There are 2 protein chains.
Amino acid sequence: MALRLPQPLPAELVELVADRFRVLGEPMRIRLLDRLRQSPATVQELTEATAASQQNVSKHLGVLHRAGMVARARDGNFVRYEIADPSVFELCETVCGGLHRQADALRSVLGQNATA
Amino acid sequence: MALRLPQPLPAELVELVADRFRVLGEPMRIRLLDRLRQSPATVQELTEATAASQQNVSKHLGVLHRAGMVARARDGNFVRYEIADPSVFELCETVCGGLHRQADALRSVLGQNATA
DNA sequence: CCTGGACTCCACCGCACGGTTGTACAGTTC
DNA sequence: GAACTGTACAACCGTGCGGTGGAGTCCAGG
């Protein structure tokens with residue numbers, strides 16, 4: 001962990017990193033990953049969990065799959081998806097940590113008495 | 001660290017997380033953060049470092065500022081920006097770690113002899 | 001005051017992307 | 001084989017966003 005990164009990030013690496021972030025910058029895909037965090041699931045189950053159209057879910061799963069974040073496997077007539085890169089949850093936790101810190105900072109600016 | 005997240009992520013939190021990822025899903029903004037990782041800098045310096053137009057840099061800095069990732073401070077006639085949320089580097093490191101794992105997996109699929 | 005420089009804001013354009021619809025492709029069952 | 005289900009693909013549309021150009025704001029100096 002905590003690998004050393006070169007100071008001027010190479011241009012290509014910048015693109016790769018941004019691409020990966022952009023994949024996660026979509027609520028629907030976050031919801032899909034959140035559901036898959038519980039257990040592997042078929043497209044049907046994911047469609048029900050997100051209350052979206054089947055085509056839309058399939059499209060977003062394709063993006064996640066191309067990014068290597070989920071793995072697909074046929075199961076009879078169904079297709080079962082599962083998390084392929086658990087680091088996405090680490091990312092979400094870090095983001096939530098940053099959000100918490102922002103909220104605390106805002107609270108301290110408003111004064112200690114804050115539950116608005 | 002490693003705070004516990006609720007299983008079905010609340011819808012609003014999903015939006016917040018996705019928003020934050022989307023801010024990072026842009027090469028130019030990654031470049032700006034990468035430059036600020038070295039030291040605080042003025043818009044001028046950032047413009048030179050990224051080889052972009054001054055308006056474009058200012059616009060992206062505005063996005064980063066609204067997201068609470070950078071802080072601005074007037075310095076005479078200049079405006080100096082600096083990192084406000086160091087967790088962004090943690091995020092980048094995690095992403096790079098995932099990329100490394102993908103590269104290794106790809107390499108092992110192609111066979112041990114791989115430098116293309 | 002006016003001038004000039006640093007920066008931000010606004011209006012516009014073009015493209016990429018999310019969503020929908022329709023269709024094609026497995027795989028199972030009969 | 002035909003029929004049905006589950007999933008992926010392709011074409012289209014609308015919007016959001018990155019980039020640019022120009023005007024506006026703030027600050028220092030003369």
Side-chain angles (χ1 to χ4, degrees), chain A residues 11 14-36 39-84, chain B residues 11 14-36 39-84:
Chain A
V14 168
E15 304 291 326
L16 288 175
V17 171
D19 283 349
R20 220 163 158 82
F21 277 129
R22 189 164 45 228
V23 169
L24 296 174
E26 177 59 47
M28 176 69 56
R29 292 197 277 267
I30 298 290
R31 274 192 288 272
L32 289 171
L33 291 172
D34 182 41
R35 170 59 185 80
L36 290 177
S39 69
T42 67
V43 177
Q44 250 194 358
E45 294 169 321
L46 292 168
T47 300
E48 296 168 0
T50 57
S53 73
Q54 181 269 320
Q55 290 94 329
N56 195 7
V57 168
S58 183
K59 204 169 179 177
H60 283 296
L61 286 171
V63 174
L64 290 170
H65 184 249
R66 268 188 297 277
M69 296 180 184
V70 301
R72 62 154 55 106
R74 271 217 100 96
D75 181 18
N77 212 345
F78 299 80
V79 173
R80 191 167 303 274
Y81 281 87
E82 66 180 348
I83 299 292
Chain B
V14 168
E15 304 289 328
L16 287 175
V17 171
D19 283 348
R20 220 162 158 83
F21 277 129
R22 190 163 44 229
V23 169
L24 296 174
E26 177 59 49
M28 177 68 58
R29 291 197 278 267
I30 297 291
R31 274 192 287 272
L32 289 171
L33 291 172
D34 182 41
R35 169 59 185 81
L36 290 177
S39 68
T42 67
V43 177
Q44 252 193 357
E45 294 168 323
L46 292 167
T47 300
E48 295 168 1
T50 57
S53 75
Q54 185 268 324
Q55 290 99 325
N56 194 8
V57 169
S58 183
K59 202 168 179 177
H60 283 296
L61 286 172
V63 174
L64 290 170
H65 184 249
R66 268 187 297 277
M69 296 179 184
V70 301
R72 63 154 54 104
R74 271 217 102 96
D75 182 18
N77 213 345
F78 299 80
V79 174
R80 191 166 303 274
Y81 281 88
E82 65 180 348
I83 298 293

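Everything quoted here is computed from the prediction, not taken from an experiment. Just so it is clear: chains get the letters A, B, ... in the order the sequence lines come, proteins before strands, and each one is counted from 1.
Applying the 4.0 Å criterion to OP1 and OP2 of D/dA8, one finds that A/Arg72 has a side-chain N or O inside that range. For the OP1/OP2 pair of D/dT20 and a distance below 4.0 Å, the side-chain nitrogens and oxygens of B/Ser53 include at least one atom meeting the criterion. OP1 or OP2 of D/dG6 has not a single side-chain nitrogen or oxygen of A/Tyr81 nearer than 4.0 Å. Contact check, A/His65 against D/dA8: no side-chain N or O comes under 4.0 Å of OP1 or OP2. For D/dT5, the OP1/OP2 oxygens have no side-chain nitrogen or oxygen of A/Asn77 closer than 4.0 Å.
Rounded to whole Å, the distance from CG on A/Leu32 to C1' on D/dT7 is 15 Å. Rounded to whole angstrom, the span from the CZ atom of A/Arg22 across to the C1' atom of D/dG16 amounts to 14 Å. Distance, A/Arg80 CZ to D/dG6 C1': 12 Å, rounded to whole Å. The CZ atom of A/Arg31 sits 13 Å away from the P atom of C/dG18 (whole-angstrom rounding). Spacing between atom CG of A/Asp75 and atom C1' of D/dT5 amounts to 14 Å, rounded to whole angstrom units. Here the P atom of nucleotide D/dA8 and the CZ atom of A/Arg66 are 11 Å apart, to the nearest Å. At whole-Å resolution of the value, CZ in B/Arg74 and P in C/dG5 are 16 Å apart.
A/His60 has its side chain within reach of A/Glu26: a pair of non-hydrogen atoms, C-beta onward, lies under 4.5 Å apart. B/Leu32 places a side-chain heavy atom less than 4.5 Å from the side chain of B/Val57.
Positionally, the nearest nucleotide of DNA chain D for A/Glu45 lies more toward the 5' end than for the other of A/Glu45 and B/His60. Of the two residues contacting DNA chain D, namely A/Gln44 and A/Gly62, the nearest-nucleotide position lying further toward the 5' end is that of A/Gln44. DNA chain C is contacted by both A/Gly76 and A/Ala52; A/Ala52 maps to the nucleotide lying nearer its 5′ end (nearest heavy atom per residue).
Nearest nucleotide to the side chain of A/Ser58, out of C/dT8, D/dA8, D/dG18: D/dA8. Side-chain proximity of B/Arg29 to C/dG4, D/dG18, C/dT8: nearest is D/dG18. The side chain of A/Asn56 has C/dG19 as its nearest neighbour among C/dG19, C/dA6, D/dT7. Side chain of A/Thr42, nearest nucleotide from C/dC17, C/dC7, D/dT7: D/dT7. Residue B/Lys59 has its side chain nearest to C/dA11 when only C/dA11, D/dT7, C/dT20 are considered. For A/Phe78, whose side chain is taken as the heavy atoms from C-beta onward, the closest listed nucleotide among D/dC17, C/dG18, D/dT7 is D/dT7.
Side chain of A/Glu48 to backbone of A/Glu45: no donor-acceptor contact under 3.5 angstrom is found. One N or O on the side chain of B/Thr47 and one on the backbone of B/Val43 form a donor-acceptor pair closer than 3.5 Å.
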Determine, stepwise, if the pair B/Met28 / B/Thr50 fulfils side-chain contact (heavy atoms from CB on, under 4.5 Å). CA-CA 7 Å; B/Met28 177 68 58; B/Thr50 57; 3.9 Å; yes

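Looking at B/Gln55, its side chain comes within 3.5 Å of the base of D/dG22 through a donor and an acceptor atom.
Using a 4.0 Å heavy-atom criterion, one finds that B/Glu26 contacts the sugar-phosphate atoms exclusively.
Ion pairing of A/Arg31 with A/Asp34 is absent here, as no side-chain N (NZ or NE/NH1/NH2) approaches a carboxylate O to less than 4.0 Å.
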